[in-house]
Structure formats: structure tokens, C-alpha cells
Engineer: 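Quick one: the structure is below, and I'll ask about it shortly.
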Amino acid sequence: VKICETFGIFSHYLSQDRRVLDMRAALVVGIGNYSSASLRGPVHDANAIAKALETHSNGDPNFSVELLTTPRPVTKPILWAEIDKLFAADCDVCLFYFSGHGVITSTGGYIVIPDGKSDVGVSMDEILILANQSRAKDRVILLDCCHAGAAGVPALTGNMTLLREGLSILTACRGTESALEVDGESVFTSLIVAALQGGAADLRGYVTAGSIYAYVDQALGPWDQRPIFRTNVTRFTSLRSVAPPVPLETLRKICSYFSDPQDKYPLDPSYEFTDSRAKSANVVIMKDLQKYASVGLVVPVGEDYMYFAAINSKSCRLTALGHQYWRLVKAKMI
Amino acid sequence: MRAALVVGINAYHQAPLLGAVDDANAVARILATHSNGEPNFSVKLLTISEDTKPDDIFTGLMLKKAIKKLFDADCDQCLFYFSGHGTITSRGGYIVTPDFQIYGEGISMDEILTLANQSKIKDKVILLDCCHAGAAGAPTITGSNLAVLSEGLSILAACRSSESALEKNGKGVFTSLIVEALRGGAADLWGHVTASNIYGYVDKALGWWEQRPIFRTNVTRFTSLRSATPPVPHETLRKICSYFPLPEKEIPLNPTYESTYEHAQPANVAVMKDLQRYASVGLVVPVGEEYMYFAAINSKSCRLTALGYQYWRLVKTNKI
């Protein structure tokens with residue numbers, strides 16, 4: 001048992017570090033052809049999400065995506081079978097995305113199905129039950145529909161979430177609100193796609209559910225639809241990785257330049273290659289320091305720009321963010 | 001109006017702690033003001049150390065009353081911080097007070113959750129740096145399996161309900177990371193530090209072999225807990241839309257933008273200063289060159305990044 005446990009933790013550690021080995025499944029659904037109120041956006045939205053999730057920015061495979069969009073027939077049994085399959089899958093991360101109509105009734109929120117004349121559709125409470133039962137370590141639900149905010153808050157509990165560890169839910173709007181469409185694209189989804197494309201990436205190039213929500217939250221004002229974030233996690237898992245703004249090899253050198261995080265790195269004109277006193281070894285170092293400065297890890301001391309810090313023989317130091325990455329490198333976590 | 005109750009307890013008879021009071025002091029200090037010195041949270045600090053006079057030692061009941069008062073307060077945002085011992089029993093998790101006894105361990109984490117869930121305050125934040133802190137938010141009656149949160153509640157806990165929280169050099173590891181995050185380590189370009197940014201910061205800093213911090217939230221907005229000095233002045237940031245009338249359009253550069261060039265034009269040099277500030281926080285990148293300097297000298301251009309586009313849109317819609 002001990003060995004199995006240790007191996008479990010070890011493979012978990014590996015899968016976090018080499019995301020390619022991760023088993024990740026996504027079900028992406030877009031329904032537009034409602035007979036009474038057809039929508040232009042959902043199919044387009046679902047395609048954009050599927051494309052963003054399929055690969056990391058370097059082309060490595062990311063999610064294995066099942067794309068289900070109209071005009072393919074999407075009936076309640078077809079959609080349920082796919083949702084069931086997703087949350088029963090033996091994978092590390094599973095993600096469910098839906099764009100289309102949503103409705104709220106006295107028995108809770110529903111995803112609306114085109115055939116839903118006599119039947120409202122797929123219950124958000126029942127999706128929550130499956131997501132809570134799933135054995136995947138991380139489960140993510142993204143809903144872009146009206147009344148999406150009903151997801152994660154069962155009608156039974158009134159206004160309380162019920163989330164098992166590892167579940168995160170991002171929705172376009174509150175339980176009482178309508179989601180917006182602009183130019184045939186929904187606002188919420190276009191922000192999520194922009195966030196996945198790198199808008200919400202950290203310096204390692206990771207995009208997480210938390211950073212996506214922060215991105216969407218900032219972009220929508222208090223008068224717009226209010227996106228909702230519900231989570232119960234012990235880690236933020238990267239949903240997609242993009243090229244880090246500073247190469248990781250450069251980032252890893254930060255501890256050799258700053259042996260202590262409080263250190264100031266002294267500069268002088270020999271670091272500035274446009275200066276006649278430039279020394280090639282120092283110019284190479286300065287290139288790295290300027291890269292750090294370009295992402296807010298390092299700031300010049302007593303000057304506004306690194307160039308003048310070198311010319312006027314000042315120094316540079318780590319910022320609070322720089323200290324964070326210094327520690328990550330020190331602990332060999334990058 | 002923002003209220004914070006910050007509690008740190010060192011003086012437990014059988015198992016005294018070294019760092020809890022220092023942790024509480026540090027959290028109280030960082031929450032009291034924004035980085036520009038403006039008042040932030042109105043902080044009530046309760047600590048018990050070796051030197052605390054017997055009259056000033058509070059009991060579990062007194063602390064529970066203080067917690068109830070916090071969540072009943074007439075304010076927009078409230079925050080509860082606790083550093084000390086935590087324990088887990090068959091009846092759920094408890095934060096431990098010095099008057100603990102068997103079947104009277106302290107204050108039930110489930111009861112704290114109930115008070116927070118019933119509170120009318122828009123944003124409620126609970127920060128727990130104690131062993132078994134992860135029991136908070138997932139009530140025992142659900143099998144400690146489901147987080148039950150009302151809208152506006154966020155919980156950051158130092159470790160899972162099964163784990164112990166670490167102290168290093170007399171400081172709680174979790175708290176020292178939170179204080180650094182609040183100081184500015186987790187700030188966005190606007191200088192705001194939110195609960196999720198703090199979690200992201202702490203999550204990254206703790207590896208898989210250490211305690212695992214927990215984040216539980218149910219929010220419709222991320223409220224800034226503290227404003228740190230923004231890396232780019234707000235006035236400079238607001239000019240981004242005048243430099244980039246269209247977000248996808250590149251700005252052509254030439255040597256007259258570079259202050260060290262002999263034919264530099266002052267107007268262009270001023271523009272370049274702002275563009276370099278944008279570049280220094282990842283809003284703008286040079287095109288075809290690695291550095292802005294060469295983009296100017298070699299008459300290349302610069303463009304907005306994905307992050308730059310986000311701030312462009314925020315400025316365009318007057319959100320910042």
C-alpha cells in the first residue's frame with residue numbers, strides 16, 4: 001500500500017510537471033438551432049474553445065476534445081450520454097463547456113435542448129452531482145448561457161454551493177442574469193479564449209481557472225453580466241500552457257545573479273553594450289537582467305530604466321514578484 | 001467599510017507555539033493600510049502570548065462572540081484571520097483556544113462557516129493558518145466532502161484537513177506567503193491583490209511534498225484586499241489607447257525615439273518612455289527584435305501582448 005501511495009504521489013507530481021503526460025478530456029457543446037429563439041454564437045463559441053483547448057501554444061497536445069455542435073442532432077439522451085462519459089472517464093482533468101440557452105425554474109437551472117418542448121433540458125443540479133462524483137482530480141465546468149450561475153448551487157440548498165474537492169465552476173452570469181452576445185460571439189467565451197491564448201498566463205506560461213476568472217472579472221464591469229467563480233481546490237491546475245515571456249533557462253539563472261533575495265545587483269557602464277567601456281561577459285548578464293525587468297521581476301534602484309542604472313553605476317534588485325520566482329527556482333520548482 | 005478580526009495564540013499550556021502572535025501582528029499591520037498609507041481594514045487584533053496579562057487572556061467563548069460580531073458588522077467586507085492550534089475531532093474541526101479541554105476544544109470550524117454563510121456582508125474572507133485548517137468550509141455533516149459556501153465567501157486554509165501547518169524560523173509558512181502576497185507579490189498591474197491572486201501565489205510557492213493550501217470560493221467578483229503600488233502609474237496606463245488606437249495595430253519605431261541617439265526627437269522620446277514602461281510589465285513587446293532599444297534603432301515596431309490587449313480594453317471601456 002505504501003508503495004502504491006508513493007507512486008501515486010510521484011506520478012501526480014510528474015503529471016503536473018510534464019503536462020503532456022496528463023490525461024485530459026473535454027466535452028465542448030454548442031447549441032444554436034433552437035426553433036423558437038435561435039442563437040448565432042454558440043457553434044462559433046464551441047469551435048473557438050475546442051481549438052484553444054486542443055493544443056498548448058507550442059503545438060503539444062492538451063485536451064482530447066469531444067466537440068458536439070448543432071446542426072448535428074443534440075437531444076437530451078445524446079447530451080447526457082456524453083456528459084456521463086466525460087465525468088466517468090479515467091483522466092486527470094476533465095472539462096465541460098456549454099454555450100446555448102439556459103433557463104431557471106422552481107426546480108433549478110437547466111441547459112436547454114432544441115427538442116425541449118415538453119422537457120426543459122439537462123438539469124444543472126444533476127451535472128453537479130456527476131461532477132462531484134467524478135474521480136478525475138480536477139473537474140472544470142464552463143457555462144456560457146443565461147442563468148448559468150445556477151450551476152454549483154443546487155435548488156435544494158437555496159443559495160449554497162456544494163463542491164467536492166477539485167471542482168471549479170466558471171459561469172457567464174449569475175443565476176438571475178442573461179449572458180450577452182456581441183457580433184455573434186458571446187462576450188464571456190471570447191474572454192475565456194483570450195485568457196487561454198495567453199492573456200491570463202503567469203510567468204511559467206500557465207493559465208489556471210483562477211487566472212481565467214480574474215481576467216474575465218476585470219474585463220466585465222459592475223453593470224455588465226457578472227461572471228461567477230466557484231471552486232474548492234488544493235491546487236490550481238494549468239489548463240493550457242503558452243510560451244513563457246522569459247525562457248525558463250533564463251529564469252532559472254535568477255538565483256545565481258541574486259544569491260540572497262535582498263541583494264542588490266551592482267551595475268556599471270561595462271554592462272551597457274552601447275557604451276565604449278562595455279565588457280562582453282557583463283553585457284550577457286545585462287541581457288538577462290533586462291529580461292527579468294521586462295516582466296517585473298527586477299527593478300532598477302534609483303533610476304527609472306535599467307539603461308541609466310548601468311550608465312550611472314547604480315544597481316537593480318528583485319521585486320516582490322521577483323522574490324517569488326527566486327524562491328521557486330531555489331526550491332527547484334521551475 | 002472593511003473590518004478584520006486578526007487572532008494569534010502562542011500560549012498553549014501543553015504545546016506552546018513560537019510564531020502565531022508574530023504572524024497575527026504581521027497580518028494586522030499589512031491589512032491596516034494600503035501601500036500608499038491610506039487606511040484599509042479596521043483591524044481588531046487579539047493575541048495571547050507568554051507575556052499576556054491574565055486579565056487580557058480571552059476564552060473560547062469570548063473569541064466566538066468576537067467572530068459573531070465580525071460577521072454581523074455593518075460593513076462591505078470582512079476578514080477573519082487565525083493563527084494558532086487547530087484540531088480535528090469526530091465532530092469536526094476546531095480552532096483551539098488556551099482554555100481547551102476534551103469536548104471543549106475551542107471554536108467549531110463548522111460554526112464559523114455557519115456564521116459566515118449567514119452574514120449579510122458582501123465579501124467575506126477567512127484565512128486560517130493552523131493544523132487541519134482545511135476542515136473549514138466543508139461541513140462535517142456532508143462527510144467533510146463538500147464545500148458549502150454562500151455567495152461572497154472565500155476561504156484560504158494553510159493545509160488539508162488531514163495535514164499539519166508548518167512553522168519555519170518562528171513564522172507560519174502560509175502566513176509569511178500571504179503577507180508577501182499582500183505586500184505586492186500577488187498584485188495585478190492595477191496594484192490590486194485579490195483572494196484568488198493570493199492563493200495563486202501561495203499555491204505556486206508550496207511544492208507537492210509540503211502542506212497543500214486550500215482555496216474555496218463562491219464569488220461574483222474578486223474584491224481587492226489591498227492596493228499595492230502599481231508597477232506602472234495609472235496615468236501612464238490610461239494612455240495606452242491613444243498610443244494604440246486599434247489593439248492589433250503595431251506602432252512603428254525609429255531611431256528618433258531613442259534618447260541616446262543624436263537626432264532624437266523629444267516628443268518621440270517621451271512616447272518611447274511610456275512604451276518602455278508598458279514593455280517592462282509585459283503589455284507591449286518589440287516586433288522582430290528582442291529589446292525595445294533595438295526596435296527603435298533598427299526602425300522596427302512594437303505591439304500589444306494578450307495582456308496588453310486586456311488593459312487596452314479596460315482603458316477603452318473606462319474600467320480603469
Side-chain angles (χ1 to χ4, degrees), chain A residues 9 12-13 16 132 149 152-153 157 159-165 174 194-195 197-202 204 208 210-211 213-215 217-219 221-222 226-236 242 245 274 287 290 293-296 299 304-305 307 319-321 323-324 327-328 331 333, chain B residues 117 134 137-138 142 145-151 160 180-181 183-188 190 194 196-197 199-201 203-205 207-209 212-222 228 231 260 273 276-277 279-282 285 290-291 293 305-307 309-310 313-314 317-320:
Chain A
I9 296 168
H12 176 172
Y13 179 81
Q16 178 63 15
N132 274 339
V153 182
T157 68
N159 60 353
M160 302 280 177
T161 58
L162 284 183
L163 311 176
R164 197 167 69 79
E165 187 179 310
R174 292 178 209 246
Q197 279 167 349
D202 68 10
R204 295 177 299 180
T208 68
S211 68
Y213 180 76
Y215 185 90
D217 172 42
Q218 278 186 338
R226 267 291 80 210
I228 291 192
F229 184 42
R230 303 194 162 114
T231 195
N232 179 12
V233 291
T234 61
R235 57 172 184 180
F236 270 154
V242 301
T274 55
K287 277 204 164 185
Q290 279 186 314
S294 77
V295 289
V299 284
D304 273 344
Y305 299 95
Y307 170 85
T319 61
L321 186 69
H323 185 177
Q324 164 85 331
R327 183 175 33 223
L328 295 178
M333 285 159 67
Chain B
N117 275 338
T142 70
N145 210 0
L146 299 175
V148 180
L149 311 172
S150 66
E151 187 174 311
R160 293 176 206 255
E180 275 177 52
R183 187 170 288 137
D188 65 16
W190 203 240
T194 68
S196 177
N197 286 349
Y199 182 75
Y201 186 91
D203 172 41
K204 264 187 235 175
W208 294 106
W209 300 98
R212 256 298 83 203
I214 292 197
F215 184 43
R216 301 189 163 123
T217 196
N218 178 13
V219 290
T220 62
R221 58 173 184 181
F222 272 152
T260 54
K273 278 207 162 186
Q276 278 185 314
R277 270 199 197 279
S280 78
V281 289
V285 285
E290 269 196 276
Y291 299 95
Y293 171 85
T305 60
L307 185 69
Y309 176 53
Q310 163 84 334
R313 183 170 41 210
L314 295 178
T317 51
N318 297 319
K319 298 230 170 66
I320 57 177

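Residue numbering restarts at 1 for every chain, and letters A, B, ... go by the order of the sequence lines. What's counted below: heavy atoms across the whole structure, side chains too, no hydrogens, waters or symmetry copies.
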Engineer: State the CD-OG1 distance between A:Gln218 and B:Thr194, to the nearest 0.5 angstrom.
Structural biologist: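 Those atoms lie 8.5 Å apart.
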
Engineer: Show the nearest heavy-atom pair for residues A:Arg235 and B:Asp203, with the distance to one decimal.
Structural biologist: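 Nearest pair, atom of A:Arg235 first, then B:Asp203: CA-OD1, 3.6 Å.
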
Engineer: Against chain B, label A:Tyr215 side chain, backbone, both or neither, depending on which of its atoms sit under 4.5 Å from a heavy atom there.
Structural biologist: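 For A:Tyr215, the contact with chain B is made by backbone and side chain together.
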
Engineer: Given the options B:Asn145, B:Thr142, B:Leu307, which has more heavy-atom pairs under 4.5 Å with chain A than any of the others?
Structural biologist: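 So the answer, after comparing B:Asn145, B:Thr142, B:Leu307, is B:Asn145.
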
Engineer: Using side-chain heavy atoms (C-beta onward) and a distance below 4.5 Å, is A:Val153 in contact with B:Glu151?
Structural biologist: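 Counting from C-beta outward, A:Val153 and B:Glu151 never come under 4.5 Å.
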
Engineer: Which heavy-atom pair separates B:Tyr291 from A:Gln290 by the least distance, and what is that distance?
Structural biologist: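 Smallest heavy-atom distance, with atoms named: CE2-CB, 3.9 Å.
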
Engineer: Heavy-atom cut-off 4.5 Å, strictly under: side chain, backbone, both or neither for B:Tyr293 against chain A?
Structural biologist: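 Only the side chain of B:Tyr293 comes within 4.5 Å of chain A.
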
Engineer: Under a 4.5 Å heavy-atom cut-off, does chain B meet the side chain of A:Leu162, its backbone, both or neither?
Structural biologist: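 Contact with chain B involves both backbone and side-chain atoms of A:Leu162.
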
Engineer: Would a 4.5 Å heavy-atom cut-off, applied to side chains only, mark A:Arg327 and B:Glu180 as touching?
Structural biologist: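 Yes. Closest side-chain heavy atoms under 4.5 Å.
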
Engineer: Hey, is A:Asp304 close enough to B:Lys273 for a salt bridge, meaning N to O under 4.0 Å?
Structural biologist: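 Not counted as a salt bridge, because no side-chain N and carboxylate O are separated by less than 4.0 Å.
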
Engineer: Ignoring hydrogens and angles, tell me if any N or O in the side chain of B:Tyr199 forms a donor-acceptor pair with the backbone of A:Thr234 under 3.5 Å.
Structural biologist: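 Yes: the side chain of B:Tyr199 pairs with the backbone of A:Thr234.
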
Engineer: Should the ring pair A:Phe229 and B:Phe222 be called parallel, tilted or perpendicular, given that the plane angle runs from 0 to 90° and is split at 30 and 60?
Structural biologist: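 A:Phe229 and B:Phe222: perpendicular rings.
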
Engineer: Can you confirm whether B:Asn218 sits close enough to A:Ile228 that some side-chain heavy atom of one is under 4.5 Å from a side-chain heavy atom of the other?
Structural biologist: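 Answer yes - side chains close enough.
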
Engineer: Side chain, backbone, both or neither: which part of B:Leu314 has a heavy atom under 4.5 Å from chain A?
Structural biologist: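 Contact with chain A is through the side chain of B:Leu314 alone.
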
Engineer: Under 4.5 Å, counting heavy-atom pairs only, tell me which of A:Leu328, A:Val299, A:Leu321 racks up the most with chain B.
Structural biologist: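 Highest number of pairs under 4.5 Å: A:Leu328.
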
Engineer: Any side-chain heavy atom of A:Asn132 sitting closer than 4.5 Å to one from B:Leu146?
Structural biologist: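 In short, these two side chains touch, coming nearer than 4.5 Å.
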
Engineer: For B:Val281, is it the side chain, the backbone, both, or neither that has a heavy atom closer than 4.5 Å to a heavy atom of chain A?
Structural biologist: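 For B:Val281, the backbone is the part near chain A, not the side chain.
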
Engineer: Pick one of side chain, backbone, both or neither for A:Ala214, based on which atoms fall under 4.5 Å of a heavy atom in chain B.
Structural biologist: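 For A:Ala214, the contact with chain B is made by backbone and side chain together.
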
Engineer: Do the side chain of A:Gln197 and the main chain of B:Ala306 share a donor and acceptor less than 3.5 angstrom apart?
Structural biologist: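 No, because the side chain of A:Gln197 does not come within donor-acceptor range (under 3.5 Å) of the backbone of B:Ala306.
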
Engineer: Pick one of side chain, backbone, both or neither for B:Asn318, based on which atoms fall under 4.5 Å of a heavy atom in chain A.
Structural biologist: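 For B:Asn318, neither part sits under 4.5 Å from chain A.
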
Engineer: Using a cut-off of under 4.5 Å for heavy-atom pairs, which of A:Gly149, A:Ser294, A:Ala320 has the most such pairs with chain B?
Structural biologist: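 Heavy-atom pairs under 4.5 Å are most numerous for A:Ser294.
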
Engineer: In Å, rounded to the nearest 0.5 Å, how long is the span from CG of B:Leu149 to CG of A:Asn159?
Structural biologist: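 Going from CG on B:Leu149 over to CG on A:Asn159, the span is 11.0 Å.
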
Engineer: Side chain, backbone, both or neither: which part of B:Thr217 has a heavy atom under 4.5 Å from chain A?
Structural biologist: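 B:Thr217 touches chain A through backbone and side-chain heavy atoms alike.
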
Engineer: Please look at A:Thr274 and chain B and tell me whether the side chain, the backbone, both or neither of the residue comes under 4.5 angstrom of a heavy atom of that chain.
Structural biologist: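 Just the side chain, heavy atoms under 4.5 Å.
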
